[in-house]
Amino acid sequence: MEKNITLTDRFWGRYRELVRTEMIPYQWKVLSDSIDINIEKERDDDYIPNEKSHAIENFKIAAGRSKGHHYGWMFQDSDVYKWLEAVAYSLADKYDEELKNLADSVVTLIGEAQEPDGYLSTFFTIEAPKRKFLQLGESHELYCMGHFLEAGAAYYNVTKSQAVFEISEKLVNCLFEYFGFEEGKHAIADGHEEIEIGLAKWYEATGNMKALTLAKFFLDVRGLDPLVYDKQRKDPAYHGDPSGMARLPKKYYQIHKPVNEQDTAEGHAVRMLYLATAMADVAAKTGDNARFEACKKIWRNIVDTKMFITGGVGSTVHGESFTFEYDLPNDTMYCETCASVALTFFARKMLENEIDSEYADIMETALYNTAIAGMALDGKHFFYVNPLEVNPVASRLDPGKSHVKAVRPSWLGCACCPPNLARLVTSVENYIYTKKEDRLYVNLFIGNTAEFNICGNPVSLEIKTGYPWSGDVTITVNNAGNSNASLGVRVPGWHEEVTYTMDNSEITPDTEKGYAVFEAKPGKTTIVMRLDMIPCKYTANPKVSADAGKVAIKRGPLVYCLEGVDNGENLAGIYLDDSTSFVCSYEKEVLGGVCTIECDGLRIKEETGLYKKYTPASFTKQHLKFIPYFAWANRGENEMRVWVNQK
Ligand code: FUB
Ligand code: ZN
């Protein structure tokens, strides 16, 4: 099992271990219905299945090993595939014979559930074999197949499993026979993007050109005919749509116009970001500049107008969607964990097209805030939706906030998020570097050792850091050859002060596109970067009405929040003023070891009665404690808020 980057980081190492030792085994028990836990609906909607996962049983039925009906969402298979993908990365990190045997047995089962022509979907094989590919708006068939190909590529890369190779190749051939612009083939894409990413990954793993051709085709065909799903729905044999997706607008599926003409982020946030990821990926793989220009417009629209300070996206539960510019409500938003995982993917692929530290800044924001907030510190409780402001009473009593949970559930009826986070955490080292010709860029400050081949010369690196708690990053480069290799080290957009030494001498490097550039001379070079990590107040654009008159606290990449457990009830009554000074301390015993931020703040005097004639408010002093946003909701049910009143 070859691996050129080995994670040695303390912060991510803990997450990695949590996923390996807790989450992967826990998820396996959930998938195989061998654990008695409370599976919650992600919101109060009648049609949401939440009795059990049944995902492995679905495969057994499709494989003919068991009898019965499919249970769960049409995309239940994807939970198994994402588990398999996380297992693949985890095995590469730490080999585990028992886990590998279990994963091999799952691959065998998937192989048995696959139809002879390569078709793979337990729902349609069991329940509606005559409806294959005939209701792609809702069916998630290609979405699931895309997740299989992502898992297949990861598992094949790590284990060289012939079984996974054969299933994937058969699947690609099946799709190649059916889909395409050519006469006799079908010019339609899936309502939920994902197959494009899976195909591109399979191409990357094996060089299979059919996979790349198909990935490009599914992007090119999207939006050419906005009525494409309506036409399929007219078929009298249409199987039905319990979740009511058919009522949603064309933008929900990003089919309102051809993808290269889509210059704003619209519709379902995860779909939009999987689409953008695939567009950026295929643009980089095919050198398609027009496609990359379209990606840049979507990127700008998200980053400038539709992203929460936590890197969360999706402003409404209705269609789990983007809404309009500057609409960023902190207490009703969606901010699905998957959407921030997908924003991380998108940023990573943008860097492959163009080096610019903004992509890495956003990647870091999404990763260190919303993405990891998706999992509790015990690795066994998960958020689907990541609010920036919660009042547990409102979550209980306001039907419009049933999706805004104050405590992470043990599992969810729609379990897309937990395994998405698991596959990201187990592969996080792949986001650290971008290699471009003779330069290696360091995007993220995560401890690791790595080997690269730059211009035919082996270059090894070691990064040591206490990030995100400390801003000191030591990079040791060992350049064995005489190449012109250079290193670009990201200068985070949030920094105020940064200093560098190279082999103990202070230097001021040139910066290009937000990266400090160092020539890597032959032999060993040690670069030390020291970033200030001073807590800072941030304000939002005045057009964001939800944040008017409020500030958020950030330290380095981390967004902070107030919790009721530290600061009492009614966080809406808390204010900061201009005299506030922050004291940051690393607290080993708090929340698994985090830097907390304390300051003197104010609390508005409580009043009786609902309204009165205006008089200036009176305040009392209150000592405040902020914790990193990602770690909230780990100490029981309580209030939380990121944006705090500024006096
Ligand atoms: O539709 C499949 C997944 O379920 C989506 O990506 C999530 O948003 C959830 O709706
Ligand atoms: Zn999700």
Side-chain angles (χ1 to χ4, degrees), residues 23 27 30 39-43 45 47-50 53 55 72-83 85-86 121 123 135-148 150 189-198 229 241-246 248 252-254 265-278 311-322 333-346 366 370-375 381-387 403 405 408-409 411-425:
M23 194 181 162
Q27 195 195 344
V30 176
I39 302 183
E40 283 185 37
K41 292 184 175 190
E42 54 275 17
R43 56 183 176 270
D45 273 331
Y47 64 84
I48 295 178
N50 72 324
S53 162
W73 293 95
M74 282 184 186
F75 52 86
Q76 210 79 343
D77 295 359
S78 61
D79 295 352
V80 175
Y81 301 149
K82 283 190 245 176
W83 176 86
E85 190 181 341
S121 156
F123 177 85
Q135 42 195 74
L136 281 162
E138 298 78 50
S139 73
H140 287 77
E141 282 157 288
L142 302 179
Y143 166 87
C144 287
M145 293 179 196
H147 274 302
F148 176 75
E150 283 205 77
D190 194 278
H192 195 317
E193 301 86 338
E194 163 59 28
I195 186 67
E196 304 80 358
I197 299 177
Y229 303 138
D241 170 30
S243 58
M245 278 167 52
L248 292 161
Y252 172 85
Y253 310 86
Q254 298 82 37
E266 303 292 345
H268 183 266
V270 181
R271 286 165 205 247
M272 178 69 247
L273 280 152
Y274 281 4
L275 169 63
T277 300
V313 283
S315 291
T316 179
V317 58
H318 300 286
E320 308 177 307
S321 289
F322 287 102
M333 66 326 84
Y334 212 61
C335 292
E336 184 177 339
T337 305
C338 283
S340 289
V341 168
L343 181 57
T344 308
F345 297 161
F346 180 31
T370 302
I372 52 173
M375 179 168 71
H381 294 85
F382 307 94
F383 273 141
Y384 185 124
V385 165
N386 295 278
H403 62 294
K405 300 198 186 291
R408 291 175 185 82
W411 200 252
L412 294 138
C414 172
C416 50
C417 298
N420 225 352
L421 181 59
R423 68 189 182 128
L424 179 60
V425 167

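Computed over heavy atoms, backbone and side chain alike; hydrogens, waters and symmetry mates excluded. Residue indices begin at 1 and follow the sequence shown. Order of appearance sets the numbers: ligands from 1, and atoms from 1 within every ligand.
Among all protein heavy atoms, the one lying closest to atom 10 (O) of ligand 1 is E320 OE1, 2.7 Å. Protein heavy atom in closest approach to atom 7 (C) of ligand 1: E336 OE2, 3.2 Å. Nearest to atom 9 (C) of ligand 1 among the protein's heavy atoms is Y384 OH, 3.0 Å. Nearest to atom 6 (O) of ligand 1 among the protein's heavy atoms is H192 NE2, 2.7 Å. Scanning the protein for heavy atoms near atom 3 (C) of ligand 1, the closest one is Y143 OH, 3.8 Å.
Close approach to C416 involves these atoms of ligand 1, each under 4.0 Å from a residue heavy atom: 4 (O), 7 (C), 9 (C). Proximity to H140 (heavy-atom distance under 4.0 Å) selects the following atoms of ligand 1: 1 (O), 2 (C). Below 4.0 Å from some heavy atom of H268 lie the following atoms of ligand 1, by number and element: 5 (C), 6 (O), 7 (C), 8 (O), 10 (O). Set against the non-hydrogen atoms of C414, the atoms of ligand 1 under 4.0 Å away are 4 (O), 9 (C).
Using bins of under 30°, 30° to 60° and over 60° for the plane-to-plane angle, the ring pair F75/W73 lands in the parallel bin. Taking the six-membered ring for Trp and thresholds of 30 and 60 degrees, H140 and H192 have ring planes inclined between 30 and 60 degrees apart.
Taking CG from D77 and CZ from F148, the interatomic distance works out to 11.0 Å, rounded to the nearest 0.5 Å.
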For this session: Go through W411 and Q27 one step at a time and tell me if the side-chain contact (heavy atoms from CB on, under 4.5 Å) criterion holds.
Result: CA-CA 9 Å; W411 200 252; Q27 195 195 344; 3.2 Å; yes
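A donor-acceptor contact closer than 3.5 angstrom links the side chains of Y334 and E320.
Protein N/O/S atoms found under 2.8 Å from the Zn ion (ligand 2): E336 OE2, C338 SG, C416 SG, C417 SG.
At least one side-chain heavy atom of Y384 sits under 4.5 Å from a side-chain heavy atom of C416.
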